[in-house]
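Inspection log for the structure reproduced underneath, given as structure tokens.
Letters go in sequence order (proteins before strands), and every chain restarts at 1. From a predicted model like this one, the values you see are computed outputs, not experimental measurements.
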Amino acid sequence: MTTASYGYNATAKTLHWLIATIMLGLIGLGFYMHNLPISPGKLKMYSWHKWAGVTVFLLATVRLAWRTLYPPPKLPSEMSKLLKMAAYYCHVSLYFLMFAIPLSGWLMSSAKGFKTVWFGVLPLPDLLHPNRQLGEALFNLHLTLNVILIMLLFAHVAAVLKHHIIDRDEVLSRMLPISIHHNHRRTKS
Amino acid sequence: MKITYICLLALLSKVSPSFAAEYSKLVPEKSVISFTYEQMGVSMTGSFDKFDGQIMFDTASPEQAKVNLEVDMASVNTGSSENDTEVSGKDWFDTQSFPKAYFKITKVSHLDENLYQIEGDLTIKGITRPLKAPVRYTPKANSGVFEGTFTLKRQDYAIGQGEWSSFDVVANDISINVRIYALATN
């Protein structure tokens, strides 16, 4: 077996890193802008946050479709059944959050009476009527989902570092834009 | 006989909308002053929930009309308490120094059957500017509704100064919709 067959294809890698970058930016921006006093800058940030959030939702849709068409490479056979299951549920949850977080944000925006207009051009329908209590509840949901996401990201990164440093397998390198291989594994046949 | 005649007249005035009617009592609870503006390309709506005014309007002699409105700027309702506080501040309405906005009609002309053109002076934040707008009149039983929409430039009234003075976040055009409910004089 060659190392090439381990890897994700270029589209899958691009989508992974693109979504990862946008989502990390969104988490930082979200926590930062929330506590700002009202200003033109704050209103701009909220708009950017919403536009980027809608973009994540759309990219996640493309990514899920791509994943269905091109299934990801298998996990290393050395992994225990328990770890494989943990990886599976962690990934399922991450995918769930890629959809659920933007969705909760959009619904919160509607409930708070602010329409979401993607890049100031494409208006999204308001699925909810303005309702202060519902807006607060959806804010809490949006926050909670993000806290879960942050915890899962720590687990995700910790797991990948464990694979790379302790297990010394290809799990990290097969998702990297430029492959880095463990020398002792390269010759594996 | 005279009573019958008066009754008939009263009945006619209710049925026929083209019948001359006189209005002298403005009902604030049934009237609405709302506004629409664009924020980051998104249309937003708000209202002023407290205002009062006087109306003297006779459809037989519209040019004689006298209308005054007084809007309590502290009653602004943008749908978010944070925004309400912000727009009451110095950069926006400066509600503390200018608690009220005034509108006084100076001229009314008849355009079409139930359509009038009004001219008047609008004072916000101590700044008075002339205003012209079409108003549609809808006669109802014992009452009438006068509705007009016009657009003002917030810059003209120093609304949104300082960091808000550029129009990339909040647009210059503010559309105001006024719906006055008035009782007919018996």
Does any backbone or side-chain atom of B:Q39 lie under 4.5 Å from a heavy atom of chain A? Answer side chain, backbone, both or neither.
side chain

Between B:M44 and chain A, with a heavy-atom cut-off of 4.5 Å, which part of the residue counts as in contact: side chain, backbone, both or neither?
side chain

Quick check on [X]: does its [atom1] atom have over 12 non-hydrogen neighbours (other residues, nucleotides or ligands) under 6.0 Å away?
X	atom1	value
A:K112	NZ	yes
A:F31	CZ	yes
B:K104	NZ	no
A:F96	CZ	no
B:E63	CD	yes
B:E119	CD	yes

Chi angles and distances behind the side-chain contact (heavy atoms from CB on, under 4.5 Å) call for B:S81, A:R132:
CA-CA 11 Å; B:S81 51; A:R132 200 161 282 203; 4.2 Å; yes

Quick one: do A:K42 and B:E82 satisfy salt bridge (Lys or Arg N to Asp or Glu O under 4.0 Å)? Show the steps, please.
CA-CA 12 Å; A:K42 180 177 182 168; B:E82 192 189 14; 3.4 Å; yes

Comparing A:G135, A:G41, A:P40, A:P123 against chain B, the one with the most heavy-atom pairs below 4.5 Å turns out to be A:P40

Most heavy-atom pairs under 4.5 Å with chain A, out of B:T45, B:D168, B:V42, belong to B:V42

Grouping I, L, V, M, F, W and Y whenever their side-chain heavy atoms are under 4.5 Å apart, do A:V147 and A:Y89 come out in a common cluster?
no

Linking I/L/V/M/F/W/Y whenever any side-chain heavy atoms sit under 4.5 Å apart, do A:L36 and A:L29 land together?
yes

Dump the intermediate steps for side-chain contact (heavy atoms from CB on, under 4.5 Å) on A:K115 and B:S43, then the final yes or no.
CA-CA 8 Å; A:K115 201 175 182 64; B:S43 179; over 6 Å; no

A:W118, part contacting chain B, at a heavy-atom distance under 4.5 Å
neither

A:S39 versus chain B, heavy atoms under 4.5 Å apart: side chain, backbone, both or neither?
both

Would you name the heavy atoms of B:E86 and A:I38 that are closest together and state the gap between them?
OE1-CG2, 3.2 Å

Take A:F114 and B:M40 through the test side-chain contact (heavy atoms from CB on, under 4.5 Å) and record every step on the way to the result.
CA-CA 11 Å; A:F114 297 94; B:M40 289 298 287; over 6 Å; no

